[in-house]
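Notes for the one structure printed next.
Values reported hereafter were calculated over all heavy atoms of this structure, with side chains retained and with hydrogens, waters and symmetry mates removed. Letters A, B, ... are given to chains in the order of the sequence lines, protein chains preceding strands, and every chain is numbered from 1.
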Number of protein chains: 2
Amino acid sequence: MIGITYQILARPPIRMTRQPTLQQLRYFVALADTGHFRKAAERMEVTQPSLSQQIGNLETCLQQHLVERGRRVVLTPAGREVLRRARSIIAETEAMVAACHRAEAGISGTVRLGVSPTLGPYFMPRLVRRLREHFPDLRLVIREAPPRALIGELLEGMHDVTLTQTPVPTTDAVVTQLFREPLFAVMAHDHPLGGGGPIEIAALAGQDVLTLGPDYALHAQIAELCARAGARLRQDYEGTSLDALRQMAAMRMGMTILPALYVASEVDSPDADVAVRPFRGGRLTRMVGMVWRRSAGRSTGFERFAEIARDVARTDHRGLLQVIG
Amino acid sequence: MIGITYQILARPPIRMTRQPTLQQLRYFVALADTGHFRKAAERMEVTQPSLSQQIGNLETCLQQHLVERGRRVVLTPAGREVLRRARSIIAETEAMVAACHRAEAGISGTVRLGVSPTLGPYFMPRLVRRLREHFPDLRLVIREAPPRALIGELLEGMHDVTLTQTPVPTTDAVVTQLFREPLFAVMAHDHPLGGGGPIEIAALAGQDVLTLGPDYALHAQIAELCARAGARLRQDYEGTSLDALRQMAAMRMGMTILPALYVASEVDSPDADVAVRPFRGGRLTRMVGMVWRRSAGRSTGFERFAEIARDVARTDHRGLLQVIG
DNA sequence: GAATCTGATAGGTAATTCCTATCATGATTG
DNA sequence: CAATCATGATAGGAATTACCTATCAGATTC
């Protein structure tokens, strides 16, 4: 008979099975704590019949008596077990709500930050420290990937936000520019262009130039520069990292072009194994920005992240990076 | 303005703060698992607008975006954190419901069984084993207390059910008789009444009789017997346990009267330190029953417990106990 | 460009929660 | 012992929430 009714109504079984509600659990905990229906109702700020009814509904749903209703209210064994679980469920729910409400500027949970390896090691340590100051509850997972992969992964949802060289080849992302980072010519000490002051782009003519693979934004930029300056971009050798490029230059395999943050961090010392020359007037730079999915919307808090990153660039890398905005 | 509205409506703050519901959490988990609103709605057997609205309500309540709605559905960092907690909350809720539904004959949670020390050690081991066979999920806490305290504690809610000598001095409890347990006369081997077959109650006349203190039902019973038979109930010495009584009898401080289960367990051997004589025709017995609060109602499962206890008495103590019912 | 897919919004129905009023029972007071 | 109070349940109805149907707006596919 009931089976037939179901067929007629086409009502799904999931809806036929009553489930306990969090409110019912809260009412039950209040009753257990006060040992008294009226007092529990007062505590929960509803009337006694409402509370009584909801606790009755809970008992019906669980198919167990939870309470003995005599001269005193006493929990049954089942009631005591349900009380234990109810407390745990309510506590976790409240912790979840509190964590969400506590979140500052929409930052909550674990943020996954993707970063280019040409940038991450030289910029992130200070940025992480600063972010931690601003968002004490922030949890951050940082993953490195070459920019071409990085943007794809961002769009796939693998990262929440990325720090990388711009422009990026998509319109599905919001790009917020942070700063302009100068690039430096780097070569062996005894290279024809080694030594001296700022170098002109035109001086690259006829030189062998090493750079990273095409997965990096730097690759296209340097390839375009070589074409423009009449230099030879070595196709037979590609660096897999900035360190590799520097070592190849030191071994006289050609000259290379490296970002300022890397140079400042890894090369700028009197006993460096390569010579470093800035381009005249800072003519050669790369743009660095923060990128997140357009669908993330306006309340993500990532704009706040970008502000903080600019601040780091401004104060910790003063005179090296040209902050934008 | 809003503060004033609140004052006018006299609505309690607890009601002004929206709380997440378990259904919303279930919808959100389905969305996270399917990555797709329509598919999640199908899975939950509601329409897409319903699911969409409830997830929106959850986001409003938590004051966080949980989902990016773009060309694909991607969880935000906050969303991933809420997902983790939601899974835990739902799992615990389902475990709670399942435990309640799985319960056999209303037995669920941890049952607290109070037992008289004159009974427990000699009857409970077999009863517990049998109960465990019938209720595999049963959790049992067994506590001993003298019967006078035991019944008070039962009424206070400290025990859920008790096993004790009856009658009990209250009408607030349901008493289910289990069996009649014979009592035996016990004395030193060289006591004037030592040796021989069954003893008449009248033979106690003039004898010193030892028994337990007034917290035990046995006390009143033996006191009444002594008055009736013209025996002297020793007031200067009281046993604190059945073992103590037996030892005092062995030391010729008087005779005593002990229950059959104890005798069968602790005395019934050829080299016992006391003589044991049954009363003629089994005339002297005590009644043992199971007792629970009247307010526990009819669906407690304790009647089932009583049946099992009778079964234990019938099969494991055959010829010793006279089962009732 | 039309058709289809996807998620949001609006209006209305159905279901649930809560309130008020009352009932039934037991305990307490005078 | 009658009157009163306290306690939890039940009934009817109002208020609120959950859900459905219809539609909109934007994106994607053919």
Would you check if the distance from the ring center of B:Y27 to the ring center of B:F37 is below 6.0 Å?
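No, ring centres 6.0 Å or more apart.
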
Using only atom types and a distance under 3.5 Å, with no angle test, would you say the side chain of B:R80 pairs donor to acceptor with the backbone of A:T110?
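Between the backbone of A:T110 and the side chain of B:R80 there is a qualifying donor-acceptor contact (under 3.5 Å).
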
Sole candidate of B:T166, B:T164, B:T162, B:T170 that passes side chain to side chain contact (heavy atoms under 4.5 Å, CB included) when paired with B:V175:
B:T166

Give a yes or no on whether a salt bridge exists between [X] and [Y], defined as a side-chain N under 4.0 angstrom from a carboxylate O.
X: A:E307; Y: A:R304; answer: yes
X: A:E42; Y: A:K39; answer: no
X: B:R87; Y: B:D33; answer: yes

Show the distances under 3.5 angstrom between N or O atoms of the protein and N or O atoms of nucleotides 4-7 of chain D.
from  : atom 1 : to    : atom 2 : distance (Å)
D:dT7 : OP1    : A:H36 : NE2    : 2.7
D:dT7 : OP2    : A:R38 : NH1    : 2.5

Heavy atoms under 4.0 Å, any strand shown: does B:Q53 hit a base, just sugar-phosphate, or nothing?
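Touches a base.
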
Under 4.0 Å: is that the gap between some side-chain N or O of B:Q23 and OP1 or OP2 of D:dC19?
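So the side-chain polar atoms of B:Q23 do come within 4.0 Å of the phosphate oxygens OP1 or OP2 of D:dC19, strictly under.
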
Can you tell which of C:dT9, C:dC18, D:dT21 lies closest to the side chain of B:T47?
D:dT21

Specify the separation, in whole Å, of atom [atom1] of [X] and atom [atom2] of [N].
X: B:L51; N: D:dT21; atom1: CG; atom2: P; value: 15 Å
X: B:Q54; N: D:dA18; atom1: CD; atom2: C1'; value: 6 Å
X: B:L22; N: D:dA18; atom1: CG; atom2: P; value: 12 Å
X: B:Y27; N: C:dG7; atom1: OH; atom2: P; value: 16 Å
X: A:I55; N: C:dT17; atom1: CD1; atom2: C1'; value: 14 Å
X: A:Q19; N: D:dA18; atom1: CD; atom2: P; value: 15 Å
X: A:R72; N: C:dG26; atom1: CZ; atom2: C1'; value: 14 Å
X: B:L31; N: C:dA8; atom1: CG; atom2: C1'; value: 14 Å

Does a side-chain heavy-atom distance below 4.5 Å link A:V174 with A:R293?
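Result no, sub-4.5 Å side-chain heavy-atom pair not found.
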
Do the non-hydrogen side-chain atoms of B:T34 and B:M44 ever get within less than 4.5 Å of each other?
no

Whichever of B:S50 and B:D172 has the more 5' nearest nucleotide on DNA chain C, that residue is B:S50

Nearest heavy atoms of A:E92 and B:I89, plus distance in Å
CG-CG1, 3.5 Å

Below 3.5 Å is the cut-off: list the nitrogen or oxygen pairs between protein and nucleotides 22-30 of chain D, distance only.
from   : atom 1 : to    : atom 2 : distance (Å)
D:dT28 : OP1    : B:R71 : NH2    : 3.0

